[in-house]
Amino acid sequence: MKNSRVQQRTLDTAVTYLSGVGPARADALRRLGIFTARDLFLHIPHRYEDASTVTPIAKLRIGDDVTVVGHVVSKGVLPTRKGLRVFQAVLQDDSGLIECSWPGQPFLDRTIKKDDVLLVTGPVRFFHGRQLVPREFVNLGADELGTAEGRVLSVYPATEGFSFKQIRGLIERHLDEYLPCFEEYLPAPMLARAGVPPLPDALRAVHRPNSLVAAHYGRARLAFEELLSVHVLQARAKALAREARSGIRFENRRDLTTRLKAVLPFELTGAQVRATREIVADMCSDRRMHRLLQGDVGSGKTVVALFASLLAMENGCQAAVMAPTELLAEQHARTFTTLLAPLGIEPLLVTGSLGAKARREVAARLAKDEPVLVVGTHALVQDDTQFARLGLAVVDEQHRFGVEQRGALAKKGARPDVLLMSATPIPRSLALTLYGDLDVSVLDERPPGRQPVTTARRPSRAREKVYAFLEQQVEAGRQAYVVLPIIEESEKLALRAATQAFDELRAGPFAHRRVALLHGKLSSDEKDATMRAFRDGAIDVLVATTVIEVGIDVANATVMLIEHPERFGLSQLHQLRGRVGRGAAESFCILLGDVGPESAERLDIFVDTEDGFEIARADLRLRGMGDLFGERQHGEAMFRIADPLRDEALNDVAREAAAELLADDPALTKPAHKPFHDVLRKRYARAIELFRVG
Ligand code: ADP
Ligand code: MG
């Protein structure tokens with residue numbers, strides 16, 4: 001049985017039929033999602049060890065991370081006091097000797113022989129002299145000194161019971177045999193435009209690269225296909241969703257919206273005009289709006305939401321704006337009340353702290369079929385709030401809500417239009433990739449007259465001076481924030497740090513001022529009370545953890561002092577800085593503390609620019625996507641090889657290629673596209689289910 005299978009070798013051959021795979025290994029491979037030969041060869045290295053730069057042994061210095069090649073002149077297993085057995089080998093090259101030490105791996109004594117040539121990578125440390133602790137090594141066999149030069153080692157995602165070296169061995173053993181089974185199925189002109197090699201060449205390059213450049217060239221082909229696939233899926237999903245997404249067709253009556261424009265105390269920015277126009281077009285079409293309005297802190301999203309709300313209202317519908325905190329909901333309600341007073345419209349406010357009677361009154365209003373604007377917290381989606389005719393659902397700071405909460409608001413009406421807003425600036429390409437079936441509007445312009453916030457980094461020894469500066473601002477009638485990081489290891493520690501800072505400031509430099517403390521352990525009532533007091537000018541210096549991040553518009557606050565700035569992500573710092581610079585007076589953001597050179601470099605990006613998009617980009621580059629999104633987006637799981645941000649150029653080509661492909665063949669039914677279509681169906685079965693694509 002086994003033999004006949006091997007003869008008709010195909011990519012669908014189960015890995016269990018490959019020589020070198022027993023039941024235990026088959027189990028391990030299954031855990032890695034590898035079932036067939038195809039899966040095995042598409043299991044590609046997640047990194048490479050570049051052995052093309054080999055250091056002469058004599059040149060090794062303590063603390064260096066190096067690759068050396070040498071032959072084994074002596075070896076043995078040593079017991080240690082702790083009972084751990086250590087395999088040691090002394091390597092020699094033309095320049096000298098080095099001891100290598102593998103703690104806990106006495107079994108290596110059986111496979112590594114005297115005179116074997118080893119290629120070893122790892123840090124050099126001091127232990128009775130120089131010692132190299134291999135992170136990995138390759139046994140190049142009998143004396144062939146020099147053969148390893150120029151080699152790049154592939155490191156594979158591995159699992160218990162099947163090390164990356166064993167996986168590498170298995171792939172190496174079967175690669176030549178199976179490579180001819182892979183055929184390129186993407187059109188050659190498309191690959192040429194993306195600048196990537198055909199599939200078989202790509203696979204050879206990623207598994208057996210001659211150089212790092214070659215490995216990355218090969219990887220690019222696979223990344224490109226992944227990006228292309230996702231764009232094809234999402235474009236299809238978007239088209240289908242659009243067809244299925246019938247919604248309310250509003251009419252642009254130019255009644256309330258035009259009246260608001262007339263009384264607005266400022267001119268809309270070009271970006272606001274553009275976004276509003278996009279939203280109006282969506283709302284006036286007969287399909288359901290599903291739009292993300294994305295704009296940096298202070299870019300003026302609220303007023304755009306207000307225009308959308310008025311459009312719904314002048315069509316006899318209700319509009320709801322949901323915000324993540326009571327404070328923010330209150331702030332919106334006040335803004336709307338002021339702006340809408342000349343129009344004779346009074347918005348309603350729904351929060352958890354509304355009294356029973358007031359709540360009943362609001363409920364009665366919402367149950368009546370009359371146009372109304374309601375602002376609130378997630379109390380809006382609780383069961384006892386019913387809308388007679390919800391036409392527009394706006395979710396502010398949408399990333400602060402779970403998928404269910406966002407959905408719950410939309411479910412309060414009969415297919416209302418949905419506008420999501422986010423202050424977390426995400427590069428457009430990434431937004432498109434992650435939020436496939438959302439349309440996106442971007443506010444990439446700030447309202448005029450906003451002063452830049454003077455930002456500076458100061459060492460600890462400048463603390464006195466910094467406090468003196470704060471005092472000077474407070475003396476001039478301004479207010480200041482002092483922010484401390486949440487220390488990941490312990491909430492308690494964070495609280496202590498904040499409390500301590502609070503006590504110190506209150507006892508010392510600001511003894512004669514009104515100082516308050518705000519942290520996450522307070523009840524939301526207490527938090528709101530403190531924020532209200534600050535807003536009303538009853539507090540001079542507010543010491544806080546990051547709970548103020550999605551805070552409030554306090555125009556009189558002019559200083560943001562941030563302690564331990566190295567513990568924050570750049571986007572988070574940017575959000576914090578956005579709390580000041582909201583009034584006419586000059587504002588300041590001071591990063592206080594001693595940081596290492598790497599942090600300094602990162603923080604200086606923040607100091608040097610106020611462009612939230614640039615900052616988000618740097619953040620993503622430096623810290624990865626996890627920090628930017630509170631929750632994991634399902635989009636992430638679709639990328640195993642590609643990184644839509646790092647591969648931005650490739651991603652752009654892939655998006656265009658997907659659009660062209662679908663323009664030519666919307667359902668990929670042409671014979672030439674069948675192999676790719678099959679691959680898509682197989683590989684993205686789960687995602688297809690998720691997007692419900694044909
Ligand atoms: P965000 O996008 O962060 O939600 P907001 O909507 O809260 O920003 O707007 C920030 C501030 O800018 C508010 O005080 C708002 O009144 C003001 N603002 C909005 N648009 C303009 C504009 N076009 N010109 C001047 N000020 C504006
Ligand atoms: Mg806002």
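Counting convention: from 1, in listed order, for ligands and their atoms alike.
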[X] neighbourhood, listing ligand 1 atoms whose heavy-atom distance to it stays under 4.0 Å:
X      : answer
Ser299 : 2 (O), 8 (O)
Thr269 : 23 (N)
Val297 : 3 (O)

Salt bridge between [X] and [Y], side-chain N to carboxylate O under 4.0 Å?
X      : Y      : result
Glu471 : Arg513 : yes
Asp604 : Arg457 : yes
Glu330 : Arg535 : yes
Glu361 : Lys357 : yes
Glu566 : Arg602 : no

Evaluate Val559 against Val580 for side-chain contact (heavy atoms from CB on, under 4.5 Å), listing each step before the verdict. CA-CA 6 Å; Val559 187; Val580 296; 5.8 Å; no
Give a yes or no answer on whether the side chain of Glu614 reaches the backbone of Thr609 with a donor-acceptor pair at less than 3.5 Å. no
Ring geometry between Tyr467 and Phe510 (parallel below 30°, tilted from 30 to 60°, perpendicular above 60°):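 Ring orientation of Phe510 relative to Tyr467: perpendicular.
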Under-4.0 Å heavy-atom contact with ligand 1, by part of Leu268 that carries it: backbone
Minimum-distance protein heavy atom relative to [atom]:
atom                    : answer
atom 13 (C) of ligand 1 : Asp553 OD2, 3.9 Å
atom 12 (O) of ligand 1 : Arg450 NH2, 2.7 Å
atom 22 (C) of ligand 1 : Phe266 CD1, 3.2 Å
atom 7 (O) of ligand 1  : Thr302 OG1, 3.5 Å
atom 20 (N) of ligand 1 : Gln272 NE2, 2.9 Å

Examine ligand 1 and decide if any of its atoms is less than 4.0 Å from a heavy atom belonging to Gly298. yes
Between Phe568 and Phe606, is the ring centre distance below 6.0 Å?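 Between Phe606 and Phe568, which both carry aromatic rings, the centre distance is not below 6.0 Å.
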Who gets closest to atom 23 (N) of ligand 1 by heavy atom: Glu445, Gln575, Glu267?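 The option holding the nearest heavy atom is Glu267.
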Taking distance alone, with N or O pairs closer than 3.5 Å, would you say [X] contacts ligand 1?
X      : answer
Arg582 : no
Gln331 : no
Gly300 : yes

